[in-house]
Amino acid sequence: RRPAPAALLALATGLGLASPASAHPHVFVTARAEILYAPDGTVRALKHIWSFDEAYSAYITQGLDKNGDGKLTPDELAELAKVNVESLPDVGFFTTVKANGRPQEFGTPTGAGLVFDNRILTLTYTLPLKTPAHASRSFGIEIGDPTYFVAFDIVDAPDAVITREAPKGCIVRIARPPKLDPVIQQKLAQEDITATPDPSGLQVTTRALVACP
């Protein structure tokens, strides 16, 4: 089995992408998220849509074109999608959720699938909450890798983080991490990822808050 993006946190050397003392980050992810509500107004799940950078997409899909037609179909990518999602619990799905300020746990992901288009690999899956959350005041999510080994970039678009079937009047606010200046980026590139779990205390995750009346 091929290592999943989550497994890169522990298997960088095995991938041949880097030595244990090499740079942050190694995988770049462009992400969208949907917050899924139930008819009773509780939050039941998140839907993640993650597009990996071109270099990682090319590496991780090597040898998967089983019929040699030059195209990768969802069927050919099904096993890779399964491995990806099975690895993600080890890193908390790169996701933190709070309902009315209380941390929430996740259930078993469903609907995992991969699509390879225009040299970019995109993973989509639904991440249910272990227990549907009553978020009468607020529902917050945080997406990203605090170690900055995998760099998440939540798209700068109206559909970056959206709600589905949310109660009337709920709005989404997004707080993005500040852009890193070249000096900080160079410093991170020289750090030992095995010795620095947090890149200089910087915020590198994106936060979204759903506020309801």
Side-chain angles (χ1 to χ4, degrees), residues 1-10 27 29-52 60 74-75 77-116 121-147 149-150 152-155 157-176 205-213:
R1 288 186 174 183
R2 293 175 178 272
L8 288 176
L9 295 168
V27 181
V29 179
T30 301
R32 287 182 166 84
E34 299 178 5
I35 302 169
L36 310 181
Y37 283 75
D40 64 357
T42 59
V43 179
R44 61 180 181 84
L46 306 176
K47 182 178 180 180
H48 282 306
I49 304 106
W50 295 348
S51 295
F52 303 104
I60 205 67
D75 286 344
L77 295 168
E79 177 64 15
L80 180 59
K82 181 173 181 290
V83 172
N84 272 265
V85 173
E86 286 178 348
S87 299
L88 285 170
D90 295 339
V91 288
F93 300 95
F94 295 118
T95 305
T96 300
V97 162
K98 291 183 179 180
N100 295 334
R102 294 185 177 181
Q104 303 296 303
E105 297 181 0
F106 300 117
T108 302
T110 62
L114 283 166
V115 173
F116 190 84
L121 186 68
T122 298
L123 171 69
T124 301
Y125 71 99
T126 298
L127 180 60
L129 272 62
K130 190 172 184 179
T131 303
H134 292 275
S136 56
R137 298 191 307 277
S138 65
F139 183 83
I141 67 173
E142 186 171 352
I143 300 172
D145 174 17
T147 71
F149 190 84
V150 181
F152 281 81
D153 182 18
I154 307 302
V155 297
D159 62 345
V161 180
I162 62 173
T163 61
R164 297 287 188 189
E165 308 300 328
K168 186 177 180 181
C170 293
I171 59 173
V172 180
R173 296 188 177 92
I174 298 175
R176 302 175 186 278
T205 58
T206 295
R207 298 166 182 168
L209 181 69
V210 182
C212 297

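- Within the 4.5 Å cutoff, the side chain of Q104 has heavy atoms near those of the R102 side chain.
- By the 4.5 Å heavy-atom criterion applied to side chains, I49 and E34 are counted as neighbours.
- The shortest heavy-atom contact between A157 and R176 is N-NH2, 4.3 Å.
- The two residues H48 and A33 make their nearest non-hydrogen contact at ND1-CB, 4.2 Å.
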Report all side-chain donor-acceptor pairs from residues 123-135 shorter than 3.5 Å, counting only partners two or more places apart or in another chain.
from, atom 1, to, atom 2, distance (Å)
K130, NZ, E105, OE1, 3.4

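- At least one side-chain heavy atom of S136 sits under 4.5 Å from a side-chain heavy atom of N100.
- Closest heavy-atom contact between A160 and I154: CB-CG2, 3.8 Å.
- Contact check for V91 versus D145: no side-chain heavy atoms found under the 4.5 Å cut-off.
- To the nearest 0.5 Å, atom CD of residue E79 and atom CG of residue L114 are 11.0 Å apart.
- Counting only heavy atoms from C-beta outward, the side chains of F139 and C170 never approach each other to under 4.5 Å.
- Looking only at side-chain heavy atoms (C-beta outward), T95 and F106 come within less than 4.5 Å of each other.
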Verdict with reasoning, L77 to F116, per side chain to side chain contact (heavy atoms under 4.5 Å, CB included): CA-CA 8 Å; L77 295 168; F116 190 84; 4.0 Å; yes

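- Smallest separation of non-hydrogen atoms from I141 and I143: CD1-CD1, 3.9 Å.
- Classified by interplanar angle (parallel below 30°, tilted 30° to 60°, perpendicular above 60°), the ring pair F94/F152 is tilted.
- The minimum heavy-atom distance between V172 and V161, with the atom names listed, is CG1-O, 3.7 Å.
- Considering T206, T96, T205 in turn, T205 is the only one that fulfils the side chain to side chain donor-acceptor pair (under 3.5 Å) rule with E142.
- Distance check: F52 CZ to N84 CG gives 5.5 Å after rounding to the nearest 0.5 Å.
- Each of V29, T122, D153 was checked for a side-chain contact (heavy atoms from CB on, under 4.5 Å) with S51, and the lone residue meeting it is T122.
- Heavy-atom minimum distance, Y37 versus E165: CB-O, 3.2 Å.
- A 4.5 Å side-chain heavy-atom check between L121 and L80 finds at least one atom pair inside the cut-off.
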